[in-house]
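Labels below follow one simple rule: chain letters A, B, ... track the order of the sequence lines, proteins then strands, and each chain is numbered from 1. The shown structure was predicted, so the numbers you read here are calculated from the model rather than taken from an experiment.
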Number of protein chains: 2
Amino acid sequence: MKLSKKSDYALRAMIYLAMNYQKGTLQIKEISAKERIPQKFLENILLTLRKVGILNSKMGLKGGYELARSPDLITLGEVIRALDGAIAPVNCVSKMAYKPCSEEVNCVIRSVMMDIRNAITDVLDTMTFADMCKRAKESLDKKENDVFTYAI
Amino acid sequence: MKLSKKSDYALRAMIYLAMNYQKGTLQIKEISAKERIPQKFLENILLTLRKVGILNSKMGLKGGYELARSPDLITLGEVIRALDGAIAPVNCVSKMAYKPCSEEVNCVIRSVMMDIRNAITDVLDTMTFADMCKRAKESLDKKENDVFTYAI
DNA sequence: ATAAAATCTACCATATTGGTAGACATTTAG
DNA sequence: CTAAATGTCTACCAATATGGTAGATTTTAT
């Protein structure tokens with residue numbers, strides 16, 4: 001049930017780009033430095049996001065990347081699917097990678113996995129990068145979040 | 001975000017054992033044949049479940065496995081954690097494998113991942129194998145479930 | 001023209017996944 | 001008491017996924 005490093009980096013880069021929306025393109029170098037993401041790895045990630053239409057790029061000198069749409073029109077789910085593929089815990093409850101399962105008893109597992117998939121996508125397909133920016137700005141304001149941040 | 005084959009097999013074997021609770025021990029051979037799980041692989045899985053106290057075993061001729069507790073006292077979460085480890089999508093929101101994250105912006109990702117972890121564990125730590133048996137019996141009764149089963 | 005940027009192609013080491021093989025220990029039936 | 005059936009233990013192993021890196025190529029602003 002792990003989020004891959006790739007998706008994690010992608011979310012961080014996307015938040016960075018969203019925080020700077022409408023300031024023109026930002027360069028890989030800058031994002032990788034600020035978010036401490038290996039540059040070559042980030043190149044792959046941003047390229048993938050461009051190919052699925054989440055980012056726009058400008059080549060050549062003074063080139064860079066920017067969001068292809070307003071941050072409130074891009075969800076976390078869209079980004080994670082672009083990099084990691086299907087979100088569903090098993091393929092028989094996946095929209096993206098659906099494959100039927102045959103076992104009889106498996107179907108009751110399936111119904112639980114469906115509940116879980118729905119719970120996950122409820123969060124990921126609702127939450128936009130505009131929301132993320134709002135949360136980020138809020139947590140920058142009140143600095144006393146350190147108090148409870150690690151109390152899980 | 002995938003459920004491993006190991007956990008999938010474990011859940012299926014557990015449901016099989018729960019459906020036959022209080023009928024004495026069942027043998028690996030039977031479970032592996034009925035649920036079509038590679039026998040040697042299932043051996044590892046059941047052994048793990050015994051070591052964490054979810055199953056009891058009886059060695060030797062006429063030996064086998066049975067639930068160590070009533071099915072309503074064993075949750076799916078317990079079984080999945082025994083085999084796959086932590087359920088949380090990132091370690092910084094895990095109870096089982098907690099490790100702090102340092103990035104500032106990551107904390108807003110963290111808060112979303114916390115929501116997801118909670119949504120997942122709400123399902124997995126609530127659902128017991130008694131519930132699973134009930135669901136299985138219900139879906140055996142009304143056979144028209146075929147109609148909507150694959151309509152996702 | 002040149003330098004800086006994205007893009008493309010091709011690797012690669014390591015860890016995880018999904019197993020298998022075979023010897024050993026324990027128990028029951030005969 | 002012995003044979004057969006069962007769980008237990010240790011050790012492998014192939015295939016795939018993960019998390020990268022290297023280097024050449026194309027594009028563009030100056």
With sequence neighbours excluded, what pairs up with S70(B) under the side-chain hydrogen bond (donor to acceptor under 3.5 Å, both in side chains) test?
D72(B)

Distance, rounded to the nearest Å, where N56(A) contributes CG and dA5(C) contributes C1':
16 Å

Quick one: on DNA chain D, does N44(B) or Q39(B) contact a more 5' nucleotide (nearest heavy atom)?
Q39(B)

OP1, OP2 of dG19(D) versus side-chain N and O of Y9(A): anything below 4.0 Å?
no

For a quick test of reading the model, state the closest non-hydrogen atom pair linking L42(A) to A13(A) and the distance between them.
CD1-CB, 4.0 Å

CZ (R117(A)) and CD1 (I87(A)) are apart, to the nearest 0.5 Å, by 9.5 Å

Side-chain atoms of residues 54-63 of chain A: list all donor-acceptor pairs with protein atoms under 3.5 Å, sequence neighbours left out, distances to 0.1 Å.
none

With sequence neighbours excluded, residues passing side-chain hydrogen bond (donor to acceptor under 3.5 Å, both in side chains) with N44(A):
none

Atom-to-atom span, CZ of F41(A) to C1' of dA17(D) - whole angstrom:
11 Å

Short side-chain N/O contact from S57(B) to OP1 or OP2 of dT8(D), under 4.0 Å:
yes

To the nearest angstrom, how far is K5(B) atom NZ from dT16(D) atom C1'?
15 Å

Show me the pairs that pass ring-ring contact (aromatic ring centres under 6.0 Å, His included) and involve residues 108-140 of chain B, at least two apart or across chains.
none

In whole Å, I'd like the distance from the CD1 atom of I45(B) to the C1' atom of dC9(D).
16 Å

Salt bridge (Lys or Arg N to Asp or Glu O under 4.0 Å) pairs touching residues 119-136 of chain A, sequence neighbours excluded, are R81(A)-D125(A), R135(A)-D115(B)

What residues 23-32 of chain B contributes to the DNA chain C interface at heavy-atom separation below 4.0 Å is none

Quick one: side-chain hydrogen bond (donor to acceptor under 3.5 Å, both in side chains) partners of E78(B), sequence neighbours excluded?
R69(B)

I'd like to check the side-chain hydrogen bond (donor to acceptor under 3.5 Å, both in side chains) partners of T75(B); sequence neighbours left out, ordered by chain and number.
none

Taking CG from L47(A) and P from dT9(C), how many angstroms apart are they, rounded to a whole number?
10 Å

The complete set of salt bridge (Lys or Arg N to Asp or Glu O under 4.0 Å) pairs with one or both residues in residues 40-57 of chain B, sequence neighbours excluded, reads K40(B)-E43(B)

Numerically ordered, the residues 74-91 of chain A set in heavy-atom contact under 4.0 Å with DNA chain D is none

Here the distance between atom P of dG18(C) and atom CZ of R12(B), to the nearest Å, is 12 Å

Spacing of D8(A) atom CG relative to dG19(D) atom C1', expressed in whole Å:
12 Å

Checking A86(B) now: which residues fulfil side-chain contact (heavy atoms from CB on, under 4.5 Å) with it, not counting sequence neighbours?
S94(B), M96(B), A97(B)

Between L46(A) and S4(B), who's closer to the 5' end of DNA chain C by nearest nucleotide?
L46(A)

Show the distances under 3.5 angstrom between N or O atoms of the protein and N or O atoms of nucleotides 23-30 of chain D.
{"residue": "dG23(D)", "atom": "O6", "partner": "K40(A)", "partner atom": "NZ", "Å": "2.4"}
{"residue": "dT28(D)", "atom": "O2", "partner": "L61(A)", "partner atom": "N", "Å": "3.4"}

Distance in angstrom units between K6(A) NZ and dT16(C) P, rounded
18 Å

Donor-acceptor pair, side chain of R110(B) and main chain of C92(B), under 3.5 angstrom:
yes

Answer with base, sugar-phosphate or nothing: what part of the nucleic acid does K2(B) contact at a heavy-atom distance below 4.0 Å?
nothing

